[in-house]
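Along the sequence shown, residues carry numbers from 1.
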Amino acid sequence: MSVVSLLTDFGLSDPYAGIMKGVIASICPEARIIDITHLIAPQDVYQAAYALAAAYPYFANNTVHAVVVDPGVGSERRIVAVKTEVGVFLAPDNGVLTPVIEEQAVLAAFLVENPDIFIHPVSRTFHGRDILAPAAARLACGMDISKLGTLVDSESLVRLDFGSPPVPDENERLCGSVIAVDRFGNLITNIRQTDLKKAFGGSVRSRQDICIQVGGQIIRGISDFYSSVKKGSLLAITGSTGRLEISVNEGDASRELNLGRRDQVIVFPCKGTNG
């Protein structure tokens with residue numbers, strides 16, 4: 001059984017996500033459809049890219065991932081299918097696949113342009129229904145990806161700027177940034193646990209010797225769990241995606257600090273700094 005994952009900004013009050021599922025089921029009844037989320041903020045390709053990056057490693061390698069966060073729908077923007085060893089990814093070519101093509105070797109990339117697989121007439125406002133859903137269904141049922149359209153150079157795919165992986169500066173600081181805010185208000189950064197180990201593994205005794213400067217506040221130490229600090233207190237924690245997150249125990253760090261995507265987060269050895 002093949003799996004089709006869906007990730008959209010359609011929400012839950014309109015019929016759009018259900019319509020896509022209906023199209024897939026009518027073409028490939030044996031496909032199992034799994035929702036990653038339909039609650040991406042409207043047209044927010046950065047949030048969608050982060051959500052996809054967080055989710056796809058936990059799916060089987062034969063999964064077809066369909067992403068429909070498409071502010072350019074109906075325009076000349078391309079729709080692409082990217083084949084990797086961990087699955088096939090269908091999406092508008094607007095950068096939403098950036099984490100995938102940066103983390104995985106692209107085996108092939110194709111335009112999704114074969115009208116024989118589309119639902120006609122093709123709406124200018126609902127390519128999820130008329131193009132992406134039938135393409136995903138046919139791939140899930142065994143159609144060769146090359147039948148979607150023209151082979152393209154993976155280097156031509158649009159990429160979003162999430163900032164370069166942080167490296168220590170001359171003052172031993174890692175200067176990163178917030179790349180996403182989840183529904184709990186956690187500030188998710190582009191600083192990975194591996195970045196912390198590379199930067200500070202030999203210069204600090206423990207996670208408690210690392211300080212984090214964010215929004216005019218300094219947090220001393222990286223906590224193991226949220227309730228390791230008092231209710232309402234700020235903390236830094238390594239989240240489930242292996243990235244440094246800034247949180248408030250039973251609170252909302254984004255609201256408390258008035259911070260969001262692109263805001264700076266600086267990590268450095270405490271060296272006696274009081275949190």
Row check, Tyr50 ring normal vs Arg243 NZ/CZ: under 6.0 Å, within 45°: no
Side chain proximity check, Asp44 to Asp9, heavy atoms < 4.5 angstrom: no
Sub-4.5 Å side-chain heavy-atom contact between Val112 and Phe118: yes
Leu7 and His65: CA distance, side-chain angles, deciding distance, side chain to side chain contact (heavy atoms under 4.5 Å, CB included) verdict: CA-CA 8 Å; Leu7 191 159; His65 299 276; over 6 Å; no
Distance (rounded to the nearest 0.5 Å) between Ile131 CD1 and Asn114 CG: 11.0 Å
Close side-chain approach of Leu234 and Val229, heavy atoms under 4.5 Å: no
Asn171 side chain reached by Phe268 side chain, heavy atoms, under 4.5 Å: no
Leu52 and Val96: CA distance, side-chain angles, deciding distance, side chain to side chain contact (heavy atoms under 4.5 Å, CB included) verdict: CA-CA 8 Å; Leu52 180 64; Val96 74; 5.5 Å; no
Side chain Arg77, main chain Asn94, donor-acceptor under 3.5 Å: no
Any donor-acceptor N/O pair, Thr189 side chain to Leu244 backbone, under 3.5 Å: yes
Exercise: identify the closest heavy-atom pair between Gly215 and Leu257: O-CD2, 4.3 Å
Trace of the side chain to side chain contact (heavy atoms under 4.5 Å, CB included) decision for Ile179 with Phe162: CA-CA 7 Å; Ile179 61 171; Phe162 281 103; 4.1 Å; yes
Gln264 side chain vs Gly176 backbone, donor-acceptor pair below 3.5 Å: no
Residues, nucleotides or ligands: over 12 heavy atoms within 6.0 Å of Asn258 CG: no
Ser247 versus Asn186, closest heavy-atom pair with distance: OG-OD1, 2.8 Å
Plane angle bin for Phe89 and Tyr56 - parallel if under 30°, tilted between 30 and 60°, otherwise perpendicular: perpendicular
Test side chain to side chain contact (heavy atoms under 4.5 Å, CB included) applied to Leu6 and Ile24, step by step: CA-CA 11 Å; Leu6 296 178; Ile24 294 167; 4.0 Å; yes
Leu90 and Leu148, any side-chain heavy atoms less than 4.5 Å apart: yes
Aromatic ring pairing Phe10/His38, orientation class (parallel under 30°, perpendicular over 60°, tilted between): parallel
same_hphob_cluster(Ile191, Val181) at 4.5 Å side-chain heavy-atom cutoff: yes
For Pro166, the option from Ile266, Asp195, Val267 that meets side chain to side chain contact (heavy atoms under 4.5 Å, CB included): Asp195
Any Leu97 side-chain heavy atom under 4.5 Å of Leu157 side chain: no
N/O donor-acceptor pair under 3.5 Å between Glu85 side chain and Ala105 backbone: no
Asn190 side chain vs Ser177 backbone, donor-acceptor pair below 3.5 Å: yes
Donor + acceptor pair across side chains of Asn249, Ser233 (<3.5 Å): no
Cluster check Leu107, Met143: I/L/V/M/F/W/Y, side chain < 4.5 angstrom: no
With Phe126, the side chain to side chain contact (heavy atoms under 4.5 Å, CB included) member among Val73, Ile19, Leu132: Ile19
Side chain proximity check, Leu111 to Asp93, heavy atoms < 4.5 angstrom: no
Test: Lys21 and Asp35 ion pair at under 4.0 Å: yes
Heavy-atom closest contact (Leu174 atom, Val167 atom, distance): CD2-C, 3.5 Å
Over all atoms of both residues, closest heavy-atom pair of Arg124 and Gly74: NH1-O, 2.8 Å
Donor-acceptor contact present, side-chain Thr37 to main-chain Leu39, <3.5 Å: yes
Least distance between heavy atoms, Ala41 atom then Gln47 atom: N-OE1, 2.8 Å
Backbone N/O of Gly87 and side chain of Thr84: donor-acceptor pair under 3.5 Å: yes
Arg78 and Ser156 side chains, donor-acceptor separation under 3.5 Å: yes
Nearest heavy-atom neighbours spanning Asp130 and Pro121: OD2-O, 3.7 Å
Transitive ILVMFWY side-chain link Val64 to Ile145, under 4.5 Å: yes
Connected via hydrophobic side-chain network under 4.5 Å: Val82 and Val69: yes
Other residues, nucleotides, ligands: >12 heavy atoms within 6.0 Å of Arg159 CZ: yes
ILVMFWY network linking Ile36 to Val86, side-chain heavy atoms under 4.5 angstrom: yes
From CZ (Arg261) to CD1 (Ile188), nearest 0.5 Å: 11.5 Å
Residue pair Ile212 / Ile222, side-chain heavy-atom distance below 4.5 Å: yes
Greater than 12 external heavy atoms within 6.0 Å of Tyr16's OH: no
CZ-CD distance between Arg173 and Gln213, expressed to the nearest 0.5 angstrom: 7.5 Å
